[in-house]
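See structure below.
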Amino acid sequence: MIPAMPASSAPSRRTAGSVLRFGRLASMGTLTLLILVAGVWASWGTAHHVMLTKGRERGTVVVTACGESTCTGPFTPVTPGSQPRARVVIEKSYAVRAGRTYDVVVKPGGDEVVRSGPAGILYAWAPLAGALLLASVVVAGGLGLGRLGKLLAGAGLALLTAAFLTG
């Protein structure tokens, strides 16, 4: 014969399960938030130059040479008061090739430029797209929210695809 358990142990098991469930939800929710904030932070370093162009030098660059991680070329301004430059530096990516002309914004205080327009905006937010894809795994697996995970993955995939297609 199995002895009956005391009445006080059943509620403590439910309480322990609730505490563990809450701990899992809190930790996975915090991890998801951290991933998304890191994606925004990584994207904003370039995105604010591209999106908030008032008062910034805008123009075009004709890429003449590319190294391992950067490309260079002359800058032709389109904003009043901007000065042409013989050489500016743009980050090399899959979409930047020698011999092509790109619309750019000059980063303040130097000769570094970033792409502007729709392609520049989408490319600037590419780190957020990666964060959305990573967060979707945590949300679907760690939090058990499959639909929300699919939504995050779809948004990240759409953003990466749009950046690739406009590049």
Side-chain angles (χ1 to χ4, degrees), residues 1-56 58 63 66-71 88-97 102-167:
M1 180 172 216
I2 299 174
M5 293 193 352
S8 63
S9 70
S12 67
R13 284 186 184 168
R14 276 185 260 154
T15 303
S18 296
V19 169
L20 288 174
R21 194 172 15 254
F22 175 76
R24 179 178 59 94
L25 292 175
S27 63
M28 291 296 113
T30 302
L31 180 60
T32 301
L33 185 63
L34 181 65
I35 290 169
L36 293 175
V37 167
V40 170
W41 186 270
S43 296
W44 189 247
T46 301
H48 78 279
H49 295 294
V50 178
M51 296 174 69
L52 306 173
T53 60
K54 186 175 182 180
R56 298 191 193 275
R58 291 175 297 197
V63 176
C66 288
E68 194 171 308
S69 62
T70 61
C71 294
V88 292
V89 177
I90 187 169
E91 182 182 340
K92 184 177 180 182
S93 70
Y94 70 91
V96 175
R97 292 186 205 101
Y102 300 98
D103 293 329
V104 294
V105 174
V106 179
K107 287 185 174 182
D111 63 350
E112 193 174 344
V113 297
V114 292
R115 289 189 64 185
S116 62
I121 291 171
L122 290 169
Y123 183 72
W125 287 104
L128 176 62
L132 286 167
L133 289 171
L134 183 58
S136 71
V137 175
V138 176
V139 168
L143 293 173
L145 301 173
R147 287 184 183 175
L148 182 58
K150 287 178 185 177
L151 179 69
L152 291 173
L157 189 59
L159 184 54
L160 280 178
T161 302
F164 181 76
L165 292 176
T166 61

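- Under the side chain to side chain donor-acceptor pair (under 3.5 Å) criterion, K92 pairs with no residue at all, not counting sequence neighbours.
- Within the 4.5 Å cutoff, no side-chain heavy atoms of D103 are placed close to those of R58.
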Go through the steps to decide whether V114 and K107 satisfy the test side-chain contact (heavy atoms from CB on, under 4.5 Å), and finish with yes or no.
-> CA-CA 7 Å; V114 292; K107 287 185 174 182; 3.5 Å; yes
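- Applying the salt bridge (Lys or Arg N to Asp or Glu O under 4.0 Å) rule to pairs touching residues 16-42 yields nothing, sequence neighbours excluded.
- Listed by first and then second residue, the ring pair (Phe, Tyr, Trp, His ring centres under 6.0 Å) pairs that reach into residues 18-42 come to none, sequence neighbours excluded.
- Partners of W44 under the ring pair (Phe, Tyr, Trp, His ring centres under 6.0 Å) rule, at least two apart in sequence or in another chain, are H48.
- Residue pairs meeting the ring pair (Phe, Tyr, Trp, His ring centres under 6.0 Å) criterion with at least one partner in residues 112-138, sequence neighbours excluded, are absent.
- Applying the salt bridge (Lys or Arg N to Asp or Glu O under 4.0 Å) criterion to E91, with sequence neighbours excluded, gives no partner residue.
- Remark: R56 engages H49 in a side chain to side chain donor-acceptor pair (under 3.5 Å) (not counting sequence neighbours).
- The shortest side-chain heavy-atom distance between R97 and V63 does not fall under the 4.5 Å cut-off.
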Taking distance alone, no hydrogens or angles, what donor-acceptor pairs closer than 3.5 Å link side-chain atoms of residues 126-135 to residues at least two apart or in another chain?
none

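- In this view, V89 and T70, T72, R87, D111 satisfy the side-chain contact (heavy atoms from CB on, under 4.5 Å) rule, not counting sequence neighbours.
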Please set out all donor-acceptor pairs under 3.5 angstrom arising from side-chain atoms of residues 143-167, sequence neighbours excluded.
residue, atom, partner, partner atom, Å
T161, OG1, L157, O, 2.8
T166, OG1, A162, O, 3.0
T166, OG1, A163, O, 3.4

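- With sequence neighbours excluded, no residue forms a side-chain contact (heavy atoms from CB on, under 4.5 Å) with S27.
- Nearest heavy-atom pair across C71 and V96 is SG-CG1, 3.9 Å.
- To the nearest 0.5 Å, atom CE of residue M51 and atom OG1 of residue T46 are 12.0 Å apart.
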